[in-house]
2 protein chains.
Amino acid sequence: MARSALSRDEVLDTAAALVREHGPDALTMRRLAAELGTAVTSIYWHVGNRESLLDALVARTVADLGTIRPRGATPAERIVSVARALRRALRERPHLVAMVHERGLTERMFLPAQRALVHEAHAAGLRGARAAALVHAVQFQVVGHVLVERNRERAPAQPPAETDLWVTEPTGLPAPDPELARALAAPVDTEAVFLVAVRALVAGLLR
Amino acid sequence: MARSALSRDEVLDTAAALVREHGPDALTMRRLAAELGTAVTSIYWHVGNRESLLDALVARTVADLGTIRPRGATPAERIVSVARALRRALRERPHLVAMVHERGLTERMFLPAQRALVHEAHAAGLRGARAAALVHAVQFQVVGHVLVERNRERAPAQPPAETDLWVTEPTGLPAPDPELARALAAPVDTEAVFLVAVRALVAGLLR
DNA sequence: ACCTGAACACCGTTCAAGT
DNA sequence: ACCTGAACACCGTTCAAGT
């Protein structure tokens, strides 16, 4: 075969391409080796093992998430805009979330939004621990929401679900609030839930 | 070998025990078969495949989460108490979260808290779509937070992380808010973040 | 310093064959 | 209706051996 100069970077590039095009499950050491035209075992020399290969890919992908620029007139609006931008950035990279899912969450994933959030918390008049609390609460909120969204998408069939559980009360009597019953029976609009939650969270934190 | 009457329930029981004691990774068809004293292939007749085996286990575990009883004097306190109870229930069953992690999220996981939340939202004076929004927002908040917590726990070493990134500004100048810098440098107290976030969320939603 | 093939100890799933 | 063993097509990783 005699191919030349396999490098760590080449391994990472090819692995990244594999993940991008076929998802993280397609990233097997053997398939990667085939793609690279080397022996499986050569990869181990360059990246250690599959775990740290995924680590490196996650680090890489997070690194290119880029900076988030707040938009809006009021502090609350600007913080909400950061949350939305972070969610969008994460959702645009489903393989990143999938890799994180396999690998565990990196602190780094929170970073793109952190500087912006710190700045806006300060601008909103929060200081010290209270400002830090806002930063963490928003970060957890966004990342948590994205994880839930992703997990529901890969969920199995959802037969009984909330759907029929609330159209009628278990008593058989009509629900006391039919509009609420209808709203809970309908499929969840996760984007709307996100917006409501983030706005309420930020409003609550800035009180 | 000639063992008698393998039943779907016996398969599920043994699988559940395996997961409880050694985590979902230990649940391999071959190991399960060994534990049951049957041929690997017998399991397939009873449960189809590993996917639906996990499905069944998740459904089972969620079913025994039980009902959540709100506590507290004000509506806000009572809603927060539901959120805390749901988080605790989920955290007490780490294998459930791990299985969901492998399998995808079931609607059912949201259910234990739902009746209680509906009731409290109503008691707080919310009706129709606004009440539904509160229910969904709180459910997503809690489940999302638990997923984040679990993901961070299984995370790899976190070398640079937030830790050193905020003790000094990138400019080299001292941070404008040293107390904030310190708070961000310290390891995150996820329970505290949860409480702050849930309280703020509920306050924001009830405004 | 880098690459190789062979081997080890696993997986989930299918299928024809048994009772 | 239920169970079996054999076989297929995979995995990640280790290791002694090569250059």
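Numbered from 1 within each chain, the chains take letters A, B, ... in sequence-line order.
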Original post:
Is atom NE2 of B/H119 surrounded by more than 12 heavy atoms (other residues, nucleotides or ligands) closer than 6.0 Å?
Top reply: no
Subject >> B/R93 atom CZ, neighbour heavy-atom count above 12 within 6.0 Å >> reply: yes
Length of the [atom1]-[atom2] vector between [X] and [N], whole Å:
X: A/D9; N: C/dC2; atom1: CG; atom2: P; result: 13 Å
X: A/L18; N: D/dC11; atom1: CG; atom2: P; result: 11 Å
X: A/I43; N: C/dC2; atom1: CD1; atom2: C1'; result: 14 Å
X: B/R8; N: D/dC3; atom1: CZ; atom2: P; result: 14 Å
X: A/N49; N: D/dC11; atom1: CG; atom2: P; result: 17 Å
X: B/R31; N: C/dA9; atom1: CZ; atom2: C1'; result: 15 Å
X: B/L32; N: C/dG12; atom1: CG; atom2: P; result: 10 Å
X: B/L27; N: C/dC11; atom1: CG; atom2: C1'; result: 13 Å

**OP:** Drop me the distance from A/D25's CG to A/H95's NE2, to the nearest 0.5 angstrom.
**Re:** 14.0 Å
Give the nucleotide from the list [options] with an atom nearest to the side chain of [X].
X: A/R50; options: D/dT13, C/dT13, C/dG5; result: D/dT13
X: A/H46; options: C/dC2, D/dG12, C/dC11; result: C/dC2
X: B/Y44; options: C/dT14, D/dT13, C/dT4; result: C/dT14
X: A/T28; options: D/dT4, C/dG5, D/dC11; result: D/dC11
X: A/A39; options: C/dG12, C/dT4, D/dT13; result: C/dT4
X: A/W45; options: C/dC2, D/dC3, C/dC3; result: C/dC2
X: A/R30; options: D/dG12, D/dA7, C/dG5; result: D/dG12
X: B/L6; options: C/dT13, C/dT4, D/dC3; result: D/dC3

Original post:
Does a nitrogen or oxygen in the side chain of B/T41 sit under 4.0 Å from OP1 or OP2 of D/dT4?
Top reply: no
**OP:** Identify whether the distance between the nearest side-chain nitrogen and carboxylate oxygen of B/R60 and B/D13 falls below 4.0 Å.
**Re:** yes
**OP:** Before accepting this row, confirm whether a basic side-chain N of the pair A/E77/A/R71 lies closer than 4.0 Å to the acidic partner's carboxylate O.
**Re:** no
Subject >> Any-strand Watson-Crick or G-U partner of D/dA1, both distances under 3.5 Å >> reply: C/dT19
Original post:
Is there a Watson-Crick or G-U wobble partner for D/dC8 with both distances under 3.5 Å, and which nucleotide is it?
Top reply: C/dG12
Subject >> Pairwise P distance, D/dC10 and C/dA9 [rounded to whole Å] >> reply: 22 Å
